[in-house]
Amino acid sequence: MGYVWDIKELKEKMLGSGMPWPGDEGDQNVGSKHGWQLKSVPMDQEDEVVLDYTTDPLITDQGSKNQSSRALHGLVMPLRISMGHHRAQDVEGALQNGSVQYELIRPIKYRPRSIIRCCSTTRGKAREDYYQVLGVTVNSTPQEIKEAYRKLQKRHHPDIAGYKGHDYTLLLNEAYKVLMRNSPRNACASGRGFGRGFTGNGYSCWNGPVRSHALFVDENKCIGCRECVHHAGETFAMDDVLGSAHVEVQFGDQEQKIQVAVESCPVNCIHWVMSEELAVLEFLARPQQKEAHGVFGGGWERPRDVFAAANFTKRLQREEQQDMARQQRYNNGDACEEGETERQAEARRRAGQELRWKRLRDVWNGLRDWTKPGVDGP
Amino acid sequence: MTEQLYTVASDSETTGEDKSQMSFPDVAIGIDIGTSNCSVAVWTGHQVELLKNTRNQKGMRSYVMFKDDSLSAGVTGGATREHGHEERDILSGSAIFNMKRLIGRMDTDEVVQASKSLPFLVQTLGIGVRPFIAALVNNMWRSTTPEEVLAIFLLELKALVEMHLKHPVRNAVLTIPVAFSRFQQTRIERACAMAGLHVLRLMPEPTAIALLYAQQQQQLLHDNMGSGIEKIALIFNMGAGYCDAAVAATAGGVSQIRALSGSTVGGEDILQNVMRHLMPDFDSLYAGQTMDRIKSIGLLRMATQDAIHKLATQEHVEINVDLGGGHKVSKILDRGEFEKVNQSIFEKCEGIIKQCLADAKLTPEDINDVILVGGCSRIPKIRSVVLGLCKKDDSYSGIDPLEAAVSGAALEGAIASGVSDPSGSLDLLTIQATPMNLGIRADGGNFAAIIPRNTAVPARRDMLFTTTHDNQTEALIAVYEGEGNQAEDNHLLGYFKITGIPAAAKGTVEINVCMDIDAGNVLRVFAGVVKPQGQAVPPFIEVRMPTLDDGHGWCGQALAKMYGSTLDLATIPKKLHP
């Protein structure tokens with residue numbers, strides 16, 4: 001059984017099945033091509049190491065074609081999704097035309113084996129990569145992740161696509177597992193403070209990058225005058241059912257227009273809030289179904305003062321986290337586990353750093369390889 | 001089939017993608033070999049059709065009758081001969097049945113021990129070897145094996161299908177219980193190979209039902225033009241030999257198996273419990289098998305079976321049977337008594353469902369539909385236990401409890417054979433999950449799970465291990481499957497050695513063990529040294545599991561005794577890598 005493919009064969013198969021082949025895309029993303037990490041990355045405690053025995057050996061550099069004699073014995077190349085160089089638009093574009101772009105990241109020279117391990121730790125593949133595997137954005141709800149996962153499974157599952165779908169499906173499964181495990185729903189759905197349905201994501205979407213401040217309409221105060229919609233129609237929208245305006249797209253218009261809109265509100269119900277608080281506020285501002293007692297009660301309500309409610313939920317959430325931490329400690333019980341949590345914290349800190357520096361390093365690596373193009377030549 | 005009863009085809013492993021398979025559509029058939037009943041279904045181009053045998057039955061009794069010089073299986077029910085087989089003939093000792101419970105089990109297994117009260121001969125030595133099984137032919141015990149019996153049965157089944165379809169059949173999708181170990185799966189594959197069938201997939205029964213459910217949900221969707229809402233179903237399947245549960249999340253024709261659990265309790269256990277209840281001195285009375293004892297057990301069995309069936313609809317049932325030899329049973333069995341006798345079985349069922357819900361991380365409120373299938377799902381107590389646990393008033397009604405599994409298998413057969421249906425009724429997919437932990441022996445007899453259970457398939461995971469002695473150059477990788485924390489509590493699948501590990505202080509060498517399961521549920525284990533690297537390290541080893549052929553009870557103990565301490569591995573605690 002052809003478990004390990006010759007790279008040529010793989011290429012033919014992939015091209016045959018309409019999958020893009022990395023080398024054919026031109027050189028505009030040299031950085032990403034060369035940008036896989038050299039350094040090992042700390043593992044989070046619960047992250048498994050995944051070794052990719054994906055394709056074999058005879059993978060050569062684009063520049064030095066057919067240098068395949070240098071078989072990398074036992075070295076296996078992970079099939080990876082292009083690292084965080086694609087912007088959100090690209091992802092959306094990929095989503096629209098129904099294919100998720102991915103490419104084979106290749107090393108340009110012989111690399112010692114340990115790299116396999118480093119590169120294939122789940123932490124090594126940053127979360128962004130997983131989002132790209134599934135073709136979803138960071139803001140996607142678990143529901144969207146699930147839908148994207150199912151859609152892709154239907155195209156690539158070996159039952160449908162044959163054996164060539166195996167590796168890609170593995171990647172899908174891994175991405176799905178990681179994203180669903182870390183999805184905010186798991187942390188919040190059972191929360192006391194929120195009813196069911198809080199996903200951790202706001203309702204409004206962002207135009208451009210996420211900024212530190214965001215717009216929020218206090219829909220209780222809003223009198224439905226449509227002034228804001230008139231001045232900044234891309235940003236604000238009127239909800240005719242509720243009779244109040246809300247923010248549809250953060251920074252959908254030019255800042256000047258937005259400023260005019262904010263000032264035009266006769267009851268001053270448009271607020272600038274911290275972006276972190278936005279999700280909670282937007283969730284609370286939506287009418288929630290009330291618990292009904294027989295024929296009494298029921299219906300829909302929303303808190304009078306959204307800001308006070310947000311503070312309250314935040315406190316509840318904090319308490320809950322402490323509760324959970326305490327419980328965890330109680331469950332684990334012994335001292336060695338305490339040490340682990342410290343290590344975990346360390347791992348998190350490092351991972352954060354890693355993510356921050358990765359982009360820089362990628363560029364640097366790319367540059368280095370760029371300046372020495374002949375280094376791997378024949 | 002006069003002189004040659006069955007041909008043993010090559011027992012080779014699956015042979016990749018066949019070009020011929022693509023050129024003419026050879027759609028795999030779906031087969032559900034049950035402990036007591038068996039059925040077969042095919043995809044006819046627009047729907048699944050269950051085939052009927054010459055006696056016009058869809059569900060055929062699973063047995064093989066050994067007569068003087070001929071064999072006949074339950075598919076035709078002996079209808080080609082002058083008279084068909086009656087239940088009395090099946091219980092006369094010359095027919096072998098319940099092979100699904102016996103296949104691939106060692107004689108220390110309690111299921112095999114419990115099978116000793118069956119009318120045919122099940123001889124055990126209790127040392128972890130195959131049991132000796134024989135059928136009565138002309139007052140002589142003629143030995144056979146469960147695989148052989150199953151192969152004969154499948155051969156007759158295949159002939160039936162070929163008669164209907166009028167073309168040769170090669171591929172099949174079979175349903176298996178969740179509790180089947182990988183070793184048992186290879187036995188099923190071997191039996192199929194003996195019968196000339198190529199196993200395309202072995203599907204756990206509840207996942208086949210989940211696929212059928214996904215199809216129904218999708219058709220519903222097409223009719224209503226609703227949105228792709230995710231529906232979560234709990235599937236509980238209890239037949240004569242096994243009991244399985246699964247939680248499946250279904251949306252847009254994709255059913256995702258969230259959790260699977262299963263156990264070897266079934267109608268057979270209920271039957272034996274009731275038989276022992278009716279005849280308190282059952283075991284002492286029927287210690288050795290003589291002709292009249294076999295006959296008498298057969299009579300009791302039939303009466304008990306009948307009574308249990310009646311108890312599904314009646315509050316109490318009267319049992320009056322003369323067993324011969326001065327033994328008589330006349331008793332009124334009511335439902336309360338029946339439930340008390342089988343208390344432990346209902347508790348086990350409860351445990352399976354609770355486990356399944358816990359594994360899927362769901363509460364009963366999350367379940368949209370409860371699907372009850374299998375012969376035992378008709379027992380009122382089972383229904384109330386399952387529905388009570390899921391806090392539902394009624395079960396899902398769109399699925400036939402006896403035909404669901406085979407229909408699902410036929411659907412999967414069509415999908416996996418690459419058939420596409422213009423109307424979209426085959427636009428389906430099941431994402432399978434692994435039913436058991438897979439791992440290796442490490443840290444002195446402990447079990448280190450590499451692929452935990454309920455991982456989505458295809459799956460690939462790896463883990464790092466290190467040596468336990470200074471200058472250890474060899475390490476034993478013993479692959480196990482099961483739920484126990486100790487390696488010995490699990491099924492041994494196979495073993496191999498990594499040799500030529502560079503000499504170093506203990507704990508410094510890193511050995512990577514990776515497991516890969518593909519969509520056909522084939523397990524491959526890769527292992528090799530990843531640290532230190534260089535020219536001196538041996539190449540990786542790839543092993544297809546299970547490699548063991550037999551006697552794995554012994555083998556694991558022998559391995560542990562001989563090499564347990566010298567070639568042991570230790571897990572590397574997950575830590576920060578510099």
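Just the heavy atoms: all of them, side chains too, but no hydrogens, waters or symmetry mates, feed the values below. Note on naming: letters A, B, ... go to the chains in the order of the sequence lines (proteins, then strands), and numbering restarts at 1 for each one.
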- prompt: NZ/Lys146(A) to CD/Gln256(B) distance, rounded to the nearest 0.5 angstrom?
  reply: 7.5 Å
message: Working to the nearest 0.5 angstrom, can you tell me the gap between Ile160(A) CD1 and Ile415(B) CD1?
response: 7.0 Å
- prompt: Minimum heavy-atom separation for Ala519(B) to Asp159(A), with atom names?
  reply: CB-OD1, 4.2 Å
Side-chain heavy-atom pair Val457(B), Thr169(A) within 4.5 angstrom cut-off: no
query: Any side-chain heavy atom of Lys154(A) within less than 4.5 Å of one from Leu428(B)?
result: no
message: Less than 4.5 Å apart, side chain to side chain, heavy atoms only: is that true for Val254(B) and Tyr149(A)?
response: no
task: Specify the closest pair of heavy atoms between Ile517(B) and His166(A), including all atoms of both residues, with the distance to one decimal.
output: O-CE1, 3.6 Å
message: So for Thr455(B), is it side chain, backbone, both, or neither that comes closer than 4.5 Å to the heavy atoms of chain A?
response: neither
- line: dist Ile431(B):CD1 -> Gln153(A):CD (nearest 0.5 Å) comes out at 3.5 Å
query: Do the charged groups of Glu230(B) and Arg150(A) touch, with an N to O distance under 4.0 Å?
result: yes
message: Quick check against the 3.5 Å criterion: does Asn173(A) have a side-chain atom that pairs as donor or acceptor with the backbone of Ala459(B)?
response: no
field: Residue pair Asp518(B) / Pro158(A), side-chain heavy-atom distance below 4.5 Å
entry: no
